[in-house]
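Here is the structure we will look at.
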Amino acid sequence: MRRKLFTILAAVSLLLLAGVVVVGVRSFWVSDSFSYAKLHPPTVEGQQAYVVGIQWGRGGIRAARSKWIATTPQQVEHLATRLVPLGFAHSRSTRASQCYYPLMVNNQLGGVLERLGFGVGHWVVYWVDDGKSSRAGNGFNMILPAWFLALLLAVLPALWLRRRRIERKRNRVGFCKTCGYDLRATPLHCPECGTVVPAPPAPAG
């Protein structure tokens, strides 16, 4: 049962790996964004909306979570009709429409990790009405490069291939049935895992 489950997980991981590679390459020409936004009942702070979403672009994926607050009727209308598309939403941009790497605001990683395509950051924006400012929203962003996701997804298929290779070795004459080590030099004992190989039966007569 465990072996079958491992094989299924490796197959799923391989399919996801193929998808990440295809979408990652495509994202250099076409950027896709998916989001879900929901208005919550008004509180003492004002009308609130919560948004989660992901965006592919130039070889990376950005996951974001944000909270928006509107305190005046004009802000509520702007929030519900323009700023945050309610429900599920999808948008697409291309190189012709300035497709860019997923926006990373205030990347807190910096250095080598930022150059490799990783990012983590928080942001805050404000409404400005009649010269007065109030908090409009805040959120959290995280960016992972496609090559990193592909590397993670390649682990299970690689382990599956390694196990299949060992199993093939085990089934060959002169190799250890436990670990697949070549026993032609030590036919009665495996120096790799310590398995003792039974001596072949003496011929009858």
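Taking CD1 of Ile61 as the start and CE of Met142 as the end, the distance is 9.0 Å to the nearest 0.5 Å. Here the OH-CD1 distance, from Tyr126 to Ile69, works out to 11.0 Å after rounding to the nearest 0.5 Å. Note: Leu152 CG to Leu16 CG = 11.5 Å, rounded to the nearest 0.5 Å. To the nearest 0.5 Å, atom CZ of residue Arg62 and atom OG of residue Ser33 are 7.0 Å apart.
Residues Leu159 and Leu161 fall within the same hydrophobic cluster, defined by Ile, Leu, Val, Met, Phe, Trp and Tyr side chains chained together at heavy-atom separations under 4.5 Å. Using a 4.5 Å cut-off between side-chain heavy atoms of Ile, Leu, Val, Met, Phe, Trp and Tyr, with links allowed through other members, Leu116 and Leu144 fall into the same hydrophobic cluster. Criterion: ILVMFWY side-chain heavy atoms under 4.5 Å apart, direct or through other members. Under it, Leu14 and Leu5 are not part of a common hydrophobic cluster. Taken together through direct or relayed side-chain contacts under 4.5 Å among Ile, Leu, Val, Met, Phe, Trp and Tyr, Leu151 and Leu156 form parts of separate hydrophobic clusters. Grouping the Ile, Leu, Val, Met, Phe, Trp and Tyr side chains by contacts below 4.5 angstrom, directly or via other members, places Leu149 apart from Leu15.
Residues meeting the ring pair (Phe, Tyr, Trp, His ring centres under 6.0 Å) test with Phe6, sequence neighbours left out: none.
Scanning all heavy atoms of the two residues, the minimum distance from Leu17 to Ala150 falls at CD1-O, 3.3 Å. The nearest pair of heavy atoms linking Ser13 to Pro157 is OG-CD, 3.7 Å. Here the shortest heavy-atom pairing between Ile143 and Gly117 reads CG2-O, 3.2 Å. Considering all non-hydrogen atoms of both residues, Ser27 and Gly24 come closest at OG-O, 2.6 Å. The two atoms that bring Trp56 and Ala146 nearest to each other are CZ3-CB, 3.9 Å, heavy atoms only.
The closest donor-acceptor contact from the side chain of Gln47 to the backbone of His40 lies under 3.5 Å.
The shortest side-chain heavy-atom distance between Val125 and Trp68 falls under the 4.5 Å cut-off. Contact check for Val52 versus Tyr50: no side-chain heavy atoms found under the 4.5 Å cut-off. The shortest side-chain heavy-atom distance between Arg163 and Thr7 falls under the 4.5 Å cut-off. Contact check for Ser31 versus Arg58: no side-chain heavy atoms found under the 4.5 Å cut-off.
For Arg65, the CZ atom is loosely surrounded, since the number of other residues' heavy atoms within 6.0 Å does not exceed 12.
Relative orientation of the Phe118 and Trp147 rings is perpendicular, given thresholds of 30° and 60° on the angle between their planes.
Donor-acceptor pairing under 3.5 Å is recorded for the side chains of Asp32 and His90.
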